Amino acid sequence: MLKTVVLRSLRCLSSRQGGAMNVFDRSMKRKQKQWASSLLDSDKYDYLRDEAGSRVADRVYDVSRTFPLALDVGCGKSHIAEHLSKDIVERLLLTDISDSSLRNRRKCEIPSHCVLADEEFLPFKENTFDLVLSSMSLHWINDLPGALRQIYQVLKPDGVFIGAMVGGETLYELRCSLQLAELEREGGFAPHISPYTAVTDLGNLLGQAGFNMLTVDIDEVQVNYPGMLEVMSDLQGMGESNCAWNRKSLLHRDTILAAAAIYKEMYGNEDSSVPATFQILYMIGWKPHESQAKPAKRGSANVSFADLSKISLTF
């Protein structure tokens, strides 16, 4: 029987008083996720997380290894585990800030335990997990470098972190439409789409956290909607509404209508639907171990690049 463990950490309080960036209202994000996961029809808003979760699971299978103990950070309703088998992951810990999400998690064949914990403050000892997963939650972290360092710390040597998060070009259609509408109707604009991490920064962040043998790649998922209002409604149903501290709490009705018209005019499809683009960044990083392959020492090569043109190939 699965059980939920509530862990409270004193270092949470002291860390909040440090110098880390404070862009997002984490309490608001928890409320948004609580509300979204408690909807009677919440499953119909899970299509993006399901897609990202399945692609993260594909990357786990690519490793071709059995992991005795794994951790899913910010699991939501467990969108990765349902795509994994107990032959690959023997035991799994699921963490999220929303207890409603954990209660409504998807069934899977892997023996699992749930831990109610903030992704920014992982309450686990160092060198605990063989595998750490995360899908579609790290883009709401205030201190992403710090979160990656914590993930690195809880991994065992030669453990691997495989994750997915929303990238910087996500929802550019909605962002541009709202900005143009506000400039026209109100003479200025406020941020309505949360800031996201650029792919060019992600590799550096993983390297600074200590990971090696890095892999970062991008997928773009484009979803068509009847109109802009349906895009915004689905984002709310996903629990993906903006929670930045500097967000504007109210959008005027005429601004929304103007933005919807701009959206359809600039990006609309021939069938009158509108696209919304989600850029998903996938990352893989390993915790160093002496058994891992290492680059050869500088100057150890016995063939010069200048000699490559002299090599004759025989077929």
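Residues: numbered from 1 along the sequence shown. Every value quoted in this text rests on a predicted model; they were computed, and no experiment measured them.
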With no hydrogens and no angle check, is any side-chain donor or acceptor of [X] less than 3.5 Å from a backbone partner on [Y]?
X	Y	answer
Ser273	Asp271	no
Asp118	Ile97	no
Glu230	Gly227	yes
Lys86	Pro111	no

Any carboxylate oxygen within less than 4.0 angstrom of a Lys/Arg side-chain nitrogen, looking at [X] and [Y]?
X	Y	value
Asp72	Arg105	no
Arg26	Glu119	yes
Lys77	Asp43	yes
Asp130	Arg65	no

Roughly how far, to the nearest 0.5 Å, is CG of Asn127 from CG of Leu155?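 If we round to the nearest 0.5 Å, Leu155:CG and Asn127:CG are 8.5 Å apart.
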Working to the nearest 0.5 Å, report the span between OG of Ser101 and CZ of Arg30.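 One gets 11.0 Å once the value is rounded to the nearest 0.5 Å.
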Centroid separation under 6.0 Å, is that true for the rings of Phe211 and Tyr152?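 That pair passes the under 6.0 Å test.
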Is the NZ or CZ atom of Arg55 positioned over Tyr282's six-membered ring, under 6.0 angstrom from the centre and within 45° of the axis?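 The answer is no; the distance or angle limit is not met.
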Closest non-hydrogen atom pair between [X] and [Y], with its separation:
X	Y	result
Ala36	Ser42	O-CB, 3.3 Å
Thr128	Lys156	O-CE, 3.2 Å
Asp96	Gly76	OD1-N, 2.9 Å

Donor + acceptor pair across side chains of [X], [Y] (<3.5 Å):
X	Y	value
Gln32	Lys29	yes
Glu109	Ser85	no
Thr170	Gln279	no

Could you go step by step and tell me if Met165 and Met283 meet the side-chain contact (heavy atoms from CB on, under 4.5 Å) rule? CA-CA 9 Å; Met165 64 185 293; Met283 69 204 90; 3.6 Å; yes
Parallel, tilted or perpendicular, judged at 30° and 60°: which one describes the rings of Tyr47 and Tyr225?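 Rings of Tyr47 and Tyr225: tilted, as their planes differ by 30° to 60°.
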Starting from the C-alpha separation in whole Å, work towards a yes-or-no answer on salt bridge (charged side-chain N to carboxylate O under 4.0 Å, His left out) for Glu126 and Lys287. CA-CA 12 Å; Glu126 292 187 21; Lys287 189 167 183 175; 5.6 Å; no
List the steps and the verdict of side-chain contact (heavy atoms from CB on, under 4.5 Å) for Glu173 and Thr277. CA-CA 7 Å; Glu173 304 98 338; Thr277 301; 2.6 Å; yes
